[in-house]
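Residue numbers start from 1 in every chain, and the chains themselves are labelled A, B, ... in the order their sequence lines are given, proteins ahead of strands.
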Protein chains: 2
Amino acid sequence: MPEDVSLATVAARAGVSVSTVSRIVNGEMRRASPATVARVLDAIEAVGYRPNPVGRALKSGQSQLVAMIAANLDNPAMATIASSTEAALREAGYVMVLCDTHDRPELQDEYLYAMRAQMVRGYVLVAAVASPALSELSASGAPMVFVTRRNPSGNGPFVGIDDSAAGAAVADHFADLGRRAPAVVFPRLGSSASRDRVSGFLARLRERGWSDDAIIRADGEGRSHLQIGYDAGARIFGGRDRPDAILCVSDQIAYGVNRRALERGLKIPGDCELVSIDGTPLNQWVAPWLKSIEIPYAIYGAEIVAGLQLIWRGEAFGERLLPYKFG
Amino acid sequence: MPEDVSLATVAARAGVSVSTVSRIVNGEMRRASPATVARVLDAIEAVGYRPNPVGRALKSGQSQLVAMIAANLDNPAMATIASSTEAALREAGYVMVLCDTHDRPELQDEYLYAMRAQMVRGYVLVAAVASPALSELSASGAPMVFVTRRNPSGNGPFVGIDDSAAGAAVADHFADLGRRAPAVVFPRLGSSASRDRVSGFLARLRERGWSDDAIIRADGEGRSHLQIGYDAGARIFGGRDRPDAILCVSDQIAYGVNRRALERGLKIPGDCELVSIDGTPLNQWVAPWLKSIEIPYAIYGAEIVAGLQLIWRGEAFGERLLPYKFG
DNA sequence: GACAGTTTGGCAAACGTTTGCCAAGATCGT
DNA sequence: ACGATCTTGGCAAACGTTTGCCAAACTGTC
């Protein structure tokens, strides 16, 4: 209903100037007598005034918008991160702008420029990829938080898990279970997360007596983790050395590997134990055969926003490693 | 790099006035001599000018923002709609703001007001729920497109499938297969989509000779379709009349029903044929046992944006029913 | 009763645009 | 050579805010 109500509308109704209303709206109550304040507050109520974020942004040089630049929304894990971040931002009075880069650096750059033009308050980069605009922006000191993958150019605030430790935990699990032929499946173009998971896994296996070439490694090309798992599965199950335990660095890779296993008539987890890192809740429903390191994506949003707020206040925010569960 | 470049920067460098630059930026080439145009274009290039969307929005009363108000991002189908819409909007030069209402009317209202304050160009409502602000906004003639669920208050532009026909197609499938005891599982608080799917299914079964009480109906409470399916599954499989074919009005409901079936030791699709309406690509990987009406969510974005553009041009846009595939 | 200090509130500029209007200068027809 | 018309471009207002600064009008003090 309130169509065109601005400070001027309120000011006219309360019989004061625009500046007085503005100050009251912004909580500077000392700048007016109690009587005036009351009159203005009444007027605000009466006409249903709400501050115009655009005018505010123009004047102050920053909007209430926060950009989330994500690599791929079709990935349930990222969708959950997006959803929880959106909720946390709203809670804090901000509005989330969502950009899906499909993992392409040019698109990421286009978005970064567009978002700066929008005077966004901050950037949340989920699984960011290296790109010119990113290093530029990161160097300029813009408020940003990296999620899942660390800043590909330099470092910066990070929210995620201890990927290396997660990989090691899976190695321990395989070893404790008495498995003899462990394997790991990962994307060829690894992010920092993938790499850390794999190297943590390998390092722990070495510590527990495996020789390096006794560990089967299979990577897959492309951006689709489903396809990566499926392709790698072909090589793993087709080779001479059949693994009896496989670490998949993401849920989707595990889905792909499992499909291949099914096609080959293998029993999961009977013939081969499958463990993934992600552990989205959907697994319980559609992939009960899958054991996972569960990453608490649903609380990422709160951590991300807490981090942003620290940065806005000028305080330090290095990294926040969240606890995972091996369920 | 270009930090604070505005029309004024360009104007100063080209030795013309701000207005001239503005007009040229907006393509009004006839308002200046070719020489001037060239000079201005050079200056724009040199300083790396990009129009400030905030200033523009303030002046023109509308931003380049389009609000997507979705019920639940954790649902892969909606995530895909969000992703494809985002891509189509970017293509057309707009920026998507994402709001997740978790199906709650108050939150939806909060968002609608916030988005109007942002002077968004249009609204995309995915699975909208009835709420005061929605009827208000819808009555005010704001540009909006309803997706998946029709406008709960009145009608408006719609993008979706012919839900009733989809339900009927499943009924035909069951009949043709010779199934004798069909069932349907749906959420108690049905959206227009759910209702149409169910009624299309029932109507066709009646046409093909079933009496109304021979058809098993099971609904479930709550917002989680997974849980709805799981709960309904308990009743369906626990009852005396075991169905031999079940229509689940969404993928997630089917996941829930299937889990229950597994727990009861039933073979899907051997003992009972399961068909869902949604058919997200993930099914091929994690639910090969599920037959689906496949809704082309990946092309929703393009249709939605095309619809918005029609509306912006003042042309009519009633509804767009997209073809589904029964795969 | 004069002076300083404090309240209270308004004026006006600024943020980056867009656009109606006006004014020179150029072009043309007669 | 003179008015009519067109071209080219600038001035200034406006969109809704915020905020530095100034000016009344109080309050209190000696």
Novice: Which of these nucleotides, dG10(D), dT18(D), dG20(D), is closest to any side-chain atom of Leu7(A)?
Specialist: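 Minimum distance to the Leu7(A) side chain belongs to dT18(D).
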Novice: Is it the case that the side chains of Thr36(B) and Ser33(B) hold a donor-acceptor pair, with the cut-off being a distance below 3.5 Å and no angle test?
Specialist: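 Yes - a donor-acceptor pair under 3.5 Å links their side chains.
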Novice: Are Asn75(A) and Asn72(A) close enough that some pair of their side-chain heavy atoms sits under 4.5 Å apart?
Specialist: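 Yes; the side chains approach each other to less than 4.5 Å.
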Novice: Would you classify Ser60(A) as touching base, sugar-phosphate or nothing, given that sugar-phosphate means primed atoms plus P, OP1 and OP2, and contacts are heavy atoms under 4.0 Å?
Specialist: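 Since no nucleic acid heavy atom lies under 4.0 Å of Ser60(A), the category is nothing.
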Novice: Does the side chain of Ser19(B) get closer than 4.0 angstrom to OP1 or OP2 of dA12(D) through an N or O atom?
Specialist: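 Ser19(B) to dA12(D) OP1/OP2: no side-chain N or O under 4.0 Å.
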Novice: Could you work out which one of dG16(D), dT17(C), dG10(C) sits closest to the side chain of Ser17(A)?
Specialist: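 My answer, after comparing the listed nucleotides, is dG10(C).
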Novice: Check whether any side-chain N or O of Thr20(A) sits under 4.0 Å from OP1 or OP2 of dG9(C), and answer yes or no.
Specialist: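 No, outside the criterion.
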Novice: Check this one for me: any side-chain N or O of Ser33(A) less than 4.0 Å away from OP1 or OP2 of dG9(C)?
Specialist: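 Indeed, a polar side-chain atom of Ser33(A) lies that close.
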Novice: Mind calculating the distance between CD (Glu28(A)) and C1' (dT7(C)) to the nearest angstrom?
Specialist: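 Between C1' of dT7(C) and CD of Glu28(A): 14 Å.
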Novice: Rounded to whole angstrom units, what separation is found between the CE atom of Met29(B) and the C1' atom of dT8(D)?
Specialist: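 Roughly 15 Å, once rounded to whole Å.
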Novice: For Arg30(A) and dT7(C), what is the distance between atoms CZ and C1' respectively, to the nearest whole Å?
Specialist: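 Result: 13 Å.
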Novice: Expressed as a whole number of angstroms, how long is the span from Ile44(B):CD1 to dG16(C):C1'?
Specialist: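 Result: 14 Å.
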Novice: Hey, which sits more toward the 5' end of DNA chain D by its nearest nucleotide, Thr36(B) or Asn52(A)?
Specialist: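 Mapping each residue to its closest nucleotide by heavy atoms, the 5'-most match is Thr36(B).
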Novice: Mind checking if Ser6(A) touches a base, just sugar-phosphate, or nothing, with heavy atoms under 4.0 Å?
Specialist: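 Here Ser6(A) touches the backbone only, sparing every base.
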Novice: Within the structure shown, what part of the strands sits under 4.0 Å from Val16(A) by heavy-atom distance: base, sugar-phosphate, or nothing?
Specialist: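 Sugar-phosphate: the residue Val16(A), judged by heavy atoms under 4.0 Å, touches backbone atoms but no base.
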Novice: Please check the phosphate of dT19(D) (OP1 and OP2 only) for any side-chain N or O of Arg23(A) closer than 4.0 Å.
Specialist: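 Looking at the OP1 and OP2 atoms of dT19(D), neither is under 4.0 Å from any side-chain N or O of Arg23(A).
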Novice: Between dT19(C) atom P and Asn26(B) atom CG, what is the distance in whole Å?
Specialist: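 One finds 7 Å between P of dT19(C) and CG of Asn26(B), rounded.
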Novice: Is the shortest side-chain heavy-atom distance between Glu303(A) and Leu322(A) below 4.5 Å?
Specialist: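 Yes. Closest side-chain heavy atoms under 4.5 Å.
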Novice: Taking side chain as C-beta onward, heavy atoms only, is Ile69(B) less than 4.5 Å from Val124(B)?
Specialist: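 They are not in contact (no side-chain heavy atoms under 4.5 Å apart), so the answer is no.
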Novice: Can you work out whether Lys59(A) or Gly55(B) has the more 5'-proximal nearest nucleotide on DNA chain D?
Specialist: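 Taking each residue's closest nucleotide, the earlier one in sequence belongs to Gly55(B).
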Novice: Considering only side-chain heavy atoms of Leu58(B), which listed nucleotide, dC15(D), dG10(C), dT18(C), is closest?
Specialist: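 So the side chain of Leu58(B) is nearest to dC15(D).
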Novice: Given atom CZ of Arg31(A) and atom C1' of dT6(C), what is their separation to the nearest angstrom?
Specialist: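 Spelled out: CZ on Arg31(A) to C1' on dT6(C) is 12 Å.
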Novice: Round to a whole Å and report the spacing from OH of Tyr49(A) to P of dG16(D).
Specialist: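 Going from OH in Tyr49(A) over to P in dG16(D) covers 10 Å.
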Novice: Check whether any side-chain heavy atom of Glu319(A) lies under 4.5 Å from a side-chain heavy atom of Asn155(A), and answer yes or no.
Specialist: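 SC-SC contact between Glu319(A) and Asn155(A) ruled out.
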